[in-house]
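Report on the structure given below.
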Amino acid sequence: MIDARLHTLRVFATCGTVAATAELTGYSPSAVSAQLRELQRSLGIELLVRDGRGVRLTAAGRHLVAGSDDLVAQWEGLRAAALRADEQVPAQFGLGGFSSAAAQLLAPLAAALRETRPTLAVRLIEASPARCYELLVAERIDLAVVVAMQADSVGEEDPRFEQTFLLNDPLDVLVPAGHRLAERVSVRLEELASEPWITDTVGSTYRALFTAAFTAVGATPRIAHESLEWETMIAFVGAGLGVGLLPRLAPIGGHENVRRLRLTGPGRPTRRIVAAARRGSMDSPLIGQCLQILQGRARSILDERLDEET
C-alpha cells in the first residue's frame, strides 16, 4: 500500500493548502501538518517551505509528487488485477459527478449496484468536475462522471487519471409551450437567432459553448436574461421570457409549459461526458460493471428523453 504520508502530500499538491487537504482527507489540519513533517524527516528531504501564512512545495517536493504518479498507478493496477483474479469487489466504493450526472446516471447506478452487490457500501458525492478529480486523488471516490470541457487543465493528459468516453450530450432548444415553433420536432439554431435568449453568465463554460454555436452558423443571438442553474433557465422559459439551450441529460421535470426541440444543422453544441478513475484502476471488475451500466443508461436517455417530454 502507498504510505499514508505520501498520499497526504499528493493531496496537498493537488489542492494547495493544509486546510483544503484536511477537508479532503478527513484529517485535522494539525494531523496533516504532522504527517507532512514526518515524511520530510523520514526522507531527509525538504519538501515544504513557508510561503506567507501557508506552505508550498519545494522543487524536490514537486519532483517527488510527480514521480509518485507511476507508483500509485502500479498499485492501482495491481489491486485491480487482484480483485479481477476471482471477481472480488472492494467493501466500499465512491462515485462522484456533476449535478445532472449525479441525478440521471449515478443514482440509477447506485440502485443497480445495491441489487447486484448487496454487501457493497456505495457513496455518492455531487461535485464539479474539478472537485471530482480532487476527490479521486484523495481516494474519497473511485469513479467520477465529468463534463470534459469543465475540468480545466485536468483530464486526458494528466498522468494521474484515465478516462472512458460515456456520451456526447447534445444541447436541445427549450421554448415556451405557446411558442410559434413549439409543435416542431426539430429546429435550426439560426431560426431562433432573433429570439430573446436565456443563457449562463459571461466567462462560464456554457456561455462559451453557447457563443461558439451561434458563431458556427454566422448569427448573433440577443441575450435577454442570465441564469446559473438549469432549473432557473427552465422557469424563465416557462414564464415566456425567452428561449434557452438545455442538455438532454438534464430533465425538464414538472414544467408543463415548456417544449424541448432537437437542434439540427451545423453548430449543434454538445457536452462530452466521460468517466474518470485513478490510472491503473479501470480494469477492476466493479468499475467495468459500472461503466456498462452508465453507458446503457446514457443511451436510454439520449434515445427516449425527447419522446417522453413531448
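Predicted model, so just to flag it, every value in this text is computed and none were measured. FYI, side chains are in, hydrogens and waters are out, and symmetry mates aren't considered; it's all heavy atoms of this structure. All residue numbers refer to positions in the sequence shown, counting from 1.
The side chain to side chain donor-acceptor pair (under 3.5 Å) check on Arg10 picks up Ser68, Asp69, with sequence neighbours excluded. Residues satisfying the side-chain contact (heavy atoms from CB on, under 4.5 Å) criterion with Leu43, sequence neighbours excluded, are Leu39, Ile45, Leu47, Leu64. A search for side chain to side chain donor-acceptor pair (under 3.5 Å) contacts involving Arg188 returns Glu190, not counting sequence neighbours. For Arg41, there are no side chain to side chain donor-acceptor pair (under 3.5 Å) partners, not counting sequence neighbours.
Side-chain atoms of Val32 and Leu36, non-hydrogen and from C-beta on, do get closer than 4.5 Å to each other. Using a 4.5 Å cut-off on side-chain heavy atoms (C-beta onward), Asn168 and Ile273 make no contact. Side chains of Pro196 and Val243 form no contact here, defined as non-hydrogen atoms less than 4.5 Å apart. At a threshold of 4.5 Å between non-hydrogen side-chain atoms, the residues Thr264 and Val187 do not count as touching. Side-chain contact check for Val237 versus Met233: some heavy-atom pair is nearer than 4.5 Å. Side-chain contact between Ile293 and Gln289 is present, with heavy atoms from C-beta onward closer than 4.5 Å. No side-chain heavy atom of Phe93 sits under 4.5 Å from any side-chain heavy atom of Arg123. Contact of the Arg268 side chain with the Leu189 side chain is not registered, since no non-hydrogen atoms from C-beta on lie closer than 4.5 Å.
Side chain of Arg207 to main chain of Asp200: a donor-acceptor pair is present (N/O by atom type, distance under 3.5 Å, no hydrogens or angles). One N or O on the side chain of Thr215 and one on the backbone of Thr211 form a donor-acceptor pair closer than 3.5 Å. Under a 3.5 Å cut-off, the side chain of Asn257 and the backbone N or O of Gly238 do form a donor-acceptor pair. Judged purely by atom type and a 3.5 angstrom limit, Arg297 uses its side chain to pair as donor or acceptor with the backbone of Gln104. Of the possible donor and acceptor atoms, none in the side chain of Arg140 sits under 3.5 Å from a partner among the backbone N and O of Val137. Using modelled atom types, one side-chain atom of Thr21 and one backbone atom of Thr17 make a donor-acceptor pair closer than 3.5 Å. Of the possible polar contacts, none joining the Arg117 side chain to the Thr119 backbone as a donor-acceptor pair under 3.5 Å is found. Although no hydrogens or angles enter the test, the distance criterion places no donor-acceptor pair under 3.5 Å between the side chain of Arg56 and the main chain of Val49.
His179 and Glu195 share a side-chain donor-acceptor pair at under 3.5 Å. Under 3.5 Å, the side chains of Thr14 and Arg160 contain a donor-acceptor pair of N or O atoms. With hydrogens and angles left out, the side-chain atoms of Glu226 and Thr199 include no donor and acceptor closer than 3.5 Å.
In plain terms, the two heavy atoms of Gly97 and Ala102 that are nearest each other are O-CB, 4.0 Å. Nearest heavy-atom pair across Val18 and Pro29 is CG1-O, 3.5 Å. Taking both residues in full, the closest heavy atoms of Pro118 and Glu115 are given as CD-O, 4.0 Å, listed atom of the first, atom of the second, then distance. When all heavy atoms of Ala219 and Ala193 are compared, the closest pair comes out as CB-CB, 3.8 Å. Between Leu105 and Ala298, the closest heavy-atom pair is CD2-N, 4.0 Å. Residues Cys132 and Ile141 come closest through the heavy atom pair O-CD1, 3.6 Å.
Put simply, OG on Ser42 and CD on Gln35 are 11.0 Å apart, with the number rounded to the nearest 0.5 Å. Taken from CG in Leu174 to CG in Leu261, the straight-line distance is 8.0 Å, to the nearest 0.5 Å. Rounded to the nearest 0.5 angstrom, Leu143 CG and Leu135 CG are separated by 12.5 Å. Between Thr270 atom OG1 and Arg248 atom CZ the span is 10.5 Å, to the nearest 0.5 Å. One distance of note links CG of Asp3 with CG of Leu71; it measures 10.0 Å at 0.5 Å rounding. To the nearest 0.5 Å, atoms CG (Asp172) and CG (Leu249) are separated by 11.0 Å.
Linking Ile, Leu, Val, Met, Phe, Trp and Tyr residues whenever their side-chain heavy atoms come within less than 4.5 Å leaves Leu83 and Val89 in two separate clusters.
Identified under the ring-ring contact (aromatic ring centres under 6.0 Å, His included) test for residues 241-288, with sequence neighbours left out: none. Sorted by first then second residue, the ring-ring contact (aromatic ring centres under 6.0 Å, His included) pairs that include residues 210-246, not counting sequence neighbours, are Trp197-Phe210, Trp197-Phe214, Tyr206-Trp230, Phe210-Phe214.
The side-chain contact (heavy atoms from CB on, under 4.5 Å) with Leu246 is formed by just one residue from the set Leu171, Val258, Ile234; it is Ile234. Just one of Leu57, Thr25, Leu24 meets the side-chain contact (heavy atoms from CB on, under 4.5 Å) condition when paired with Phe12; it is Leu57.
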Exercise for the section: Evaluate the criterion side chain to side chain contact (heavy atoms under 4.5 Å, CB included) for residue pair Leu106 and Leu294; output intermediate values, then yes/no. Expected result: CA-CA 8 Å; Leu106 296 182; Leu294 288 171; 4.1 Å; yes
Practice task
I would like to know whether Glu191 and Arg184 meet side chain to side chain contact (heavy atoms under 4.5 Å, CB included); could you show each step before the answer?
Solution key: CA-CA 12 Å; Glu191 293 181 77; Arg184 295 262 297 269; 3.0 Å; yes
Practice task
Evaluate the side chain to side chain contact (heavy atoms under 4.5 Å, CB included) criterion for residues Phe98 and Arg271: first the C-alpha distance (whole Å), next the side-chain angles of each, then the deciding distance (0.1 Å), finally the verdict.
Solution key: CA-CA 12 Å; Phe98 61 98; Arg271 306 189 299 178; 3.7 Å; yes
Problem - Candidate pair Glu162 and Arg279, rule salt bridge (Lys or Arg N to Asp or Glu O under 4.0 Å), full reasoning - result: CA-CA 5 Å; Glu162 52 188 320; Arg279 184 159 62 97; over 6 Å; no
Practice task
Give the intermediate values and the outcome of side chain to side chain contact (heavy atoms under 4.5 Å, CB included) for residues Leu109 and Val122.
Solution key: CA-CA 10 Å; Leu109 170 59; Val122 179; over 6 Å; no
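Other residues, nucleotides and ligands contribute more than 12 heavy atoms inside 6.0 Å of the CZ atom of Arg84. Remark: Glu38 CD is packed, more than 12 non-hydrogen atoms of other residues, nucleotides or ligands lying under 6.0 Å away.
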